[in-house]
Amino acid sequence: MKTIRVTASKTYDIIIGTGILETAGALMRNTVGGQIAAIVSDDTVAQLYGKKLADILAHSGYRTVSFVFPQGESSKNGQTYLSLLSFLAEEKLSRTDVIVALGGGVAGDLAGFAAATYMRGIRFVQIPTSLLAAVDSAVGGKTAINLAGGKNLAGAFYQPDAVVCDVTTLATLRPEVFRDGCAEVIKYGMIADRDLFASCEKPIDTQLETIIARCVEIKRDIVTEDEFEAGNRKLLNFGHTVGHAIELLSGYTVSHGQAVAAGMVIETRLALRLGVCTEPCLHKLVSMLERYALPVSTSYDAATLAQACLSDKKRDGTSLTMIFPREIGSCVLQDIPVGELEALLHLGLEDSV
Ligand SMILES: NC(=O)c1ccc[n+]([C@@H]2O[C@H](COP(=O)([O-])OP(=O)(O)OC[C@H]3O[C@@H](n4cnc5c(N)ncnc54)[C@H](O)[C@@H]3O)[C@@H](O)[C@H]2O)c1
Ligand SMILES: [Zn+2]
């Protein structure tokens, strides 16, 4: 078991271990408190772990109530959010009670935004059950829902009071969902830790506790330095500028992890063309992604991708920030003028290096 302490606008622990769901009740009783625990999960996760968690929390003296929504990104919307808030009010949760997100990033983002806004902020615990949630969305305090105009357009920075990651829950993930998380793990290796990157040569699922803990430490360190994304937190967006464009253009039929994988390759090839990194860096990235059956290219052309990148909300006026690797384990932020984007993406898409 590993405990990682986060000291941001709130101080709390992220606990990662095997079989530790059993201890979630005692942990919450000791560190978070409250009388009522509202468990928020999608129908897939609720069926697998909902009753188990409710029993564990009841055993530690919580009155448990469950809010279950249909699985999938399309549930991360205003309607589900408002019905969750109404549910919390009907169940009479007070500010000292606790919302527990049990599931992947969708449950975490939705429950987190509800926790940030219900009565102007209520206690909140994350129990991530997807690899992506364990290494990324459950860490760092970003919460959000989607609007018709785009992904994550309404949200809040709201840190949880505790995160409990029981790696045994990841065993039931569909392989393609697990692989989406692998893309993010590879991303952490690229931006911050060449040893982590190298360790992915051995299957990630055989070393989950160590790898998740390392990714969480990296994100913790970046978020501690830049909680509200004024600078270095943007490093976490490596592969995401182009990745988000691919997701958007595909109407979200290409999954996040797949889009980010292709995005990392395109951004790295661009870095290579501009002399920021060397050829082995690109080749190592490509072969690592292929090892996890993740895509390393896209069929969209530079003009189409550029258009989609420019509709991303993270753009500041006349330029956007792209993240370029210098070598495996080290990346830099690079401002790209909007007018040069299409030509640069063209360089990133060229197959010959
Ligand atoms: N807040 C952040 O910082 C942050 C960071 C990255 C991603 N996100 C968000 O996270 C979301 C994606 O997360 P995700 O990939 O976990 O999506 P998800 O929550 O939809 O989970 C993916 C699928 O896996 C299933 N699942 C989850 N845990 C399972 C388990 N243990 N066993 C079997 N099935 C399981 C879910 O039912 C779902 O079908 C997106 O909405 C994205 O915007 C947020
Ligand atoms: Zn991501």
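Keep in mind that what you see is a predicted model, and the values were worked out from it rather than measured. Note that ligands are numbered from 1 as they come in the structure, with each ligand's atoms numbered from 1 the same way.
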Protein residue, atom and distance nearest to [atom], heavy-atom basis:
atom                    : value
atom 32 (N) of ligand 1 : T172 OG1, 2.7 Å
atom 18 (P) of ligand 1 : V106 CG2, 3.8 Å
atom 43 (O) of ligand 1 : K76 NZ, 3.0 Å
atom 16 (O) of ligand 1 : S130 OG, 2.6 Å
atom 7 (C) of ligand 1  : L132 CD2, 3.6 Å
atom 9 (C) of ligand 1  : D109 OD2, 3.4 Å
atom 17 (O) of ligand 1 : G105 N, 3.9 Å
atom 4 (C) of ligand 1  : S137 CB, 3.2 Å

Which heavy atom of [X] sits nearest to which heavy atom of [Y], and what is that distance?
X    : Y    : value
L345 : C309 : CD1-SG, 4.3 Å
I222 : R233 : CG2-CA, 3.5 Å
L110 : L84  : O-CD2, 4.2 Å

Checklist entry - Can you tell me if an N/O/S atom from D136 lies under 2.8 Å from the Zn ion (ligand 2)? => result no

By number and element, which atoms of ligand 1 are closer than 4.0 Å to a non-hydrogen atom of [X]?
X    : answer
T129 : 27 (C), 28 (N), 29 (C), 30 (C), 31 (N)
T169 : 30 (C), 31 (N)
E73  : 40 (C), 41 (O)
Y49  : 31 (N)
G104 : 16 (O), 19 (O)
Q71  : 37 (O), 38 (C), 39 (O)
N152 : 43 (O)
L48  : 32 (N), 33 (C)

Next on the checklist: D97 vs S94, test: side chain to side chain donor-acceptor pair (under 3.5 Å). Steps then yes/no.
Outcome noted: CA-CA 5 Å; D97 291 316; S94 74; 3.3 Å; yes

Next on the checklist: Can you confirm whether some protein heavy atom lies under 4.0 Å from atom 25 (C) of ligand 1, or whether none does?
Outcome noted: no

One residue to check: [X]. Relative to ligand 1, which of side chain, backbone, both or neither has a non-hydrogen atom less than 4.0 Å away?
X    : answer
K142 : both
K219 : side chain
D42  : side chain
V177 : side chain
L173 : both

If you count the non-hydrogen atoms of other residues, nucleotides and ligands that lie under 6.0 Å from [atom1] in [X], is the total more than 12?
X    : atom1 : answer
Q35  : CD    : no
K10  : NZ    : yes
Q47  : CD    : no
R291 : CZ    : yes

Item to check | Expected output: side-chain T80 to main-chain K76 donor-acceptor under 3.5 Å | outcome: no

Checklist entry - Can you tell me the angle formed at the Zn ion (ligand 2) by NE2 of H240 and NE2 of H256, to 10°? => result 100°

Item to check | Distance-only N or O hit between ligand 1 and D136, under 3.5 Å | outcome: no

Checklist entry - Are any of the N/O atoms in K151 less than 3.5 Å from those in ligand 1? => result yes

Checklist entry - Looking only at heavy atoms of D180, does any of them come nearer than 4.0 Å to an atom of ligand 1? => result no

Next on the checklist: Just to check, does E184 reach to within less than 4.0 Å of ligand 1 when the distance is taken from its heavy atoms?
Outcome noted: no

Checklist entry - Only one of Y81, F67, Y118 clears ring-ring contact (aromatic ring centres under 6.0 Å, His included) with F87; which? => result F67

Consider only side-chain N and O atoms of [X] and [Y], and report whether a donor and an acceptor are under 3.5 Å apart.
X    : Y    : result
Y49  : S41  : no
T304 : D301 : yes
Y252 : E73  : no

Item to check | From I246 atom CD1 to L305 atom CG, the distance as rounded to the nearest 0.5 Å | outcome: 6.0 Å

Item to check | Inter-residue atom distance L208.CG - L131.CG, 0.5 Å rounding | outcome: 6.5 Å

Checklist entry - Picking from H256, E247, E267, what satisfies side chain to side chain donor-acceptor pair (under 3.5 Å) with H240? => result H256

Item to check | Identity of the N, O or S atom of E184 lying closest to the Zn ion (ligand 2) | outcome: OE2

Checklist outcome for this item: Of V68, V45, V164, the one forming a side-chain contact (heavy atoms from CB on, under 4.5 Å) with L102 is V45

